[in-house]
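All figures in this text were calculated on a predicted structure; none of them were measured in a lab.
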Amino acid sequence: MEKLSRRDFNATLAKGVGGVTLLATTPLACAMGNAQNKKKLGVALVGLGSYSTYQLAPALSDTKHCYLAGIVTGTPEKENAWAEKYGIPKENIYNYQNFDNIAKNDAINIVYVVLPNSMHADFCIRAAKAGKHVICEKPMAMNVEECDAIINACKKAKVKLGMGYRLHSEPYTQEIKRFVKEKTFGAVNYISADAAYRSTSNPNQWRLNKKLSGGGALMNMGVYAIQSVIYGTGENPISVSAQEFSTRPDYFKDTDETITAQFEFLSGATGSIMTSHNISANRLFASCERGWFELDPASTYIPLAGRTSSGTLDFPQESQQKLQMDDFAKHILFDSPNLAPGEMGKRDMMIVEAIYESIAKGGEKIKLNFETDYGFGG
Ligand code: NAD
């Protein structure tokens, strides 16, 4: 992610809290700055479907550095219910058509795009053009080209861009990253990750419609498995080979049902993933030089659970979404690391595209070459 100069950072920070610059040098200014530091950033959720309704909005009632300030919805009936429940003023409610007016609204600092995948790029770019910091849900977009367009729009507008990769803020995942970084069990030799669930509901849902989702299990749950093999080794893969399996073509008419893929890493480690909309599995397992570690489940909301060859992992369970949105707000307010930058979302989309390419070529090994290491996220 582009490193902002101090001047840019001041400007961004000022933008972040409704025009009040937080950095200050005189004692009075410092005291005022401290008071302003306590101010929370306003978040507008775009798309009020199940993830916004049941995870993000409740989490925003609990966040320390940001709060639910606005909504953007294509369903007028939701406006009053949300306004009443969360005390959202009328002037902070937008629809998809008048959304760009959000540029004039100083109460909104962050736009969080929680729409079907085909709409991510459009709304992230419009949010950036409106001068708002952006959180983009996973998968970042429909393809790498759209990821680039989002990243470039945010760079041009000098706004911060984060992915909705909640696990980077979550203690079990952070512990896995620590094992890898500190080689607690020695080097990782093999990593395996499954992220899958069995879908039986409405066959007309957008996730099973390629025009809206960009793909099936791989675009949805597969992104978690890709993330797992990367933070579970601390490396970006150098190649991938993949296979697709179909057992319910009547239901999965348009999108992939089950995909497996195998990765090679520069260290010599190997990895494999399974993702599916027809199988239930949620696990990360790493075999290391001197032991092993495992999360099972590895990417559900809560509670995660984990074990290692030395014993059980036990961390407090908190809303991952709360931790994630606070981490992003802290990135804006205090220049703390961006745990899941847009470039990380783009890298994962490059891997998704390579997996689809391998499948199209009958499982051929596709080489991957990443210039930057976004393996750890902060
Ligand atoms: P959902 O189907 O519950 O909600 C989608 C929302 O988009 C609805 O409010 C719907 O009205 C709106 N919408 C606008 N145009 C639409 C169209 N043409 N078709 C269908 N809906 C349309 O979906 P969701 O589960 O809330 O997922 C939204 C996004 O969040 C997706 O990108 C998904 O991958 C992501 N997500 C992430 C997590 C996570 O843990 N990070 C979890 C769930 C979903």
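Contact annotation: the side chain of Tyr356 never approaches that of Glu244 to less than 4.5 Å [non-hydrogen atoms, C-beta and beyond]. The shortest distance between side-chain heavy atoms of Asn95 and Val72 does not fall below 4.5 Å. Taking 4.5 Å as the limit, every side-chain heavy atom of Val43 sits out of range of all side-chain heavy atoms of Asn109. The shortest side-chain heavy-atom distance between Cys66 and Leu60 falls under the 4.5 Å cut-off. Residues Ile355 and Val240 form a side-chain contact, since some pair of their non-hydrogen atoms from C-beta on lies under 4.5 Å apart. With a 4.5 Å cut-off on side-chain heavy atoms, Ser267 and Thr233 do not count as touching. Proximity of Tyr172 to Leu313: side-chain heavy atoms (C-beta onward) are separated by under 4.5 Å at one or more points. A 4.5 Å side-chain heavy-atom check between Ile150 and Met140 finds at least one atom pair inside the cut-off.
Within the 3.5 Å criterion, the main-chain N or O of Leu208 finds no donor-acceptor partner in the side chain of Gln205.
Rounding to the nearest 0.5 Å places OG1 of Thr308 at 9.0 Å from CD of Glu175. With rounding to the nearest 0.5 Å, the separation of CD in Glu137 from SG in Cys124 is 10.0 Å. Between atom CG of residue Asn236 and atom CZ of residue Phe263 there is a gap of 10.5 Å, rounded to the nearest 0.5 Å. Lys253 NZ to Thr255 OG1: the interatomic distance, rounded to the nearest 0.5 Å, is 10.5 Å.
Side-chain contact, Asn105 with Tyr94: a donor N or O sits under 3.5 Å from an acceptor N or O. Under 3.5 Å, the side chains of His168 and Gln174 contain no donor-acceptor pair of N or O atoms. For Asp327 and Ser336, the side-chain atoms include no donor-acceptor pair closer than 3.5 Å. Between the side chains of Tyr86 and Ser61, no donor N or O sits under 3.5 Å from an acceptor N or O. Between the side chains of Tyr96 and Thr73, no donor-acceptor pair of N or O atoms lies under 3.5 Å. For the residue pair Glu264 and Thr270, no side-chain donor N or O sits within less than 3.5 Å of a side-chain acceptor on the partner.
When ring centroids are compared, His65 and Phe334 come within the 6.0 Å threshold.
Across all non-hydrogen atoms, the minimal contact from Ile102 to Ala130 is CG2-CB, 3.7 Å. Counting all heavy atoms, side chain and backbone alike, Ala195 lies closest to Tyr224 at CB-CB, 3.9 Å. Nearest heavy-atom pair, Ile191 versus Ser228, reported as atom, atom and distance to 0.1 Å: CD1-O, 4.1 Å. In this structure, His120 and Lys138 approach most closely via the heavy-atom pair CE1-O, 3.9 Å. Residues Met142 and Lys210 come closest through the heavy atom pair CE-O, 3.6 Å. Heavy atoms only, all atoms of each residue included: Cys288 and Asn189 are closest at C-ND2, 3.7 Å.
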May I have the step-by-step check of side-chain contact (heavy atoms from CB on, under 4.5 Å) for Ser241 and Ile366, ending in yes or no? CA-CA 6 Å; Ser241 320; Ile366 307 296; over 6 Å; no
Check against side-chain contact (heavy atoms from CB on, under 4.5 Å), Lys346 and Ile151: CA-CA 9 Å; Lys346 174 186 164 179; Ile151 291 168; 3.9 Å; yes
Mind running salt bridge (Lys or Arg N to Asp or Glu O under 4.0 Å) on Arg347 and Glu343 for me, showing each step along the way? CA-CA 6 Å; Arg347 175 205 58 198; Glu343 285 81 353; over 6 Å; no
Let me see the working for Gln324 and Arg166 under side chain to side chain donor-acceptor pair (under 3.5 Å), right down to the final yes or no. CA-CA 5 Å; Gln324 169 218 324; Arg166 56 192 157 76; 6.0 Å; no
For a side chain to side chain donor-acceptor pair (under 3.5 Å) check, start with the C-alpha distance between Glu364 and Ser358, then their side-chain angles and the critical distance, and finish with the verdict. CA-CA 5 Å; Glu364 192 178 296; Ser358 173; over 6 Å; no
Could you walk me through whether Glu257 and Ser276 satisfy the side chain to side chain donor-acceptor pair (under 3.5 Å) test, starting with their C-alpha distance in whole Å, then the side-chain angles of each, then the deciding distance to 0.1 Å, before giving a yes or no? CA-CA 5 Å; Glu257 175 186 319; Ser276 177; 5.6 Å; no
Is there a side chain to side chain donor-acceptor pair (under 3.5 Å) between Asn220 and Ser213 once you walk through the steps? CA-CA 8 Å; Asn220 183 19; Ser213 62; over 6 Å; no
Where do Gln227 and Asp348 land on the side-chain contact (heavy atoms from CB on, under 4.5 Å) test, with the steps shown first? CA-CA 7 Å; Gln227 280 265 306; Asp348 296 346; 2.8 Å; yes
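Salt bridge absent: Asp100 and Lys129 never bring a charged side-chain N and a carboxylate O closer than 4.0 Å. Ion pair Lys90/Glu79 not flagged as a salt bridge, since none of the NZ, NE, NH1 or NH2 atoms sits closer than 4.0 Å to an Asp/Glu carboxylate oxygen. Between Arg207 and Asp254, none of the side-chain N atoms (NZ, or NE/NH1/NH2) sits under 4.0 Å from a carboxylate O, so this pair counts as no salt bridge. Residues Asp326 and Lys330 are not paired through a salt bridge, judged by the lack of any N-O separation under 4.0 Å between the basic side chain and the carboxylate.
Linking ILVMFWY residues whenever their side-chain heavy atoms come closer than 4.5 Å, directly or via other members, places Tyr231 and Met350 in the same cluster. In the hydrophobic clustering of this structure, Leu68 groups with Tyr51; members are Ile, Leu, Val, Met, Phe, Trp, Tyr whose side-chain heavy atoms approach within less than 4.5 Å, directly or through other members.
Relative orientation of the Phe179 and Phe293 rings is tilted, given thresholds of 30° and 60° on the angle between their planes. Between His277 and Tyr197, the ring planes are tilted. Angles from 30° to 60° get that label. Between Phe99 and Phe123, the ring planes lie tilted relative to each other; the angle falls in the 30° to 60° range.
Counting heavy atoms of neighbouring residues, nucleotides and ligands inside a 6.0 Å radius, atom CG of Asn202 exceeds 12 of them. Crowding of Gln317 atom CD: a count of heavy atoms from other residues, nucleotides or ligands under 6.0 Å exceeding 12. For CZ of Phe245, the number of neighbouring non-hydrogen atoms (other residues, nucleotides, ligands) closer than 6.0 Å is greater than 12.
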Please list every donor-acceptor pair under 3.5 Å in which a side-chain atom of residues 295-304 meets a protein atom from a residue at least two apart or in another chain.
{"residue": "Ser299", "atom": "OG", "partner": "Asn282", "partner atom": "OD1", "Å": "3.3"}
{"residue": "Ser299", "atom": "OG", "partner": "Asn282", "partner atom": "ND2", "Å": "3.1"}

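The hydrophobic side chain of Tyr67 is isolated, with no ILVMFWY side chain under 4.5 Å apart from it.
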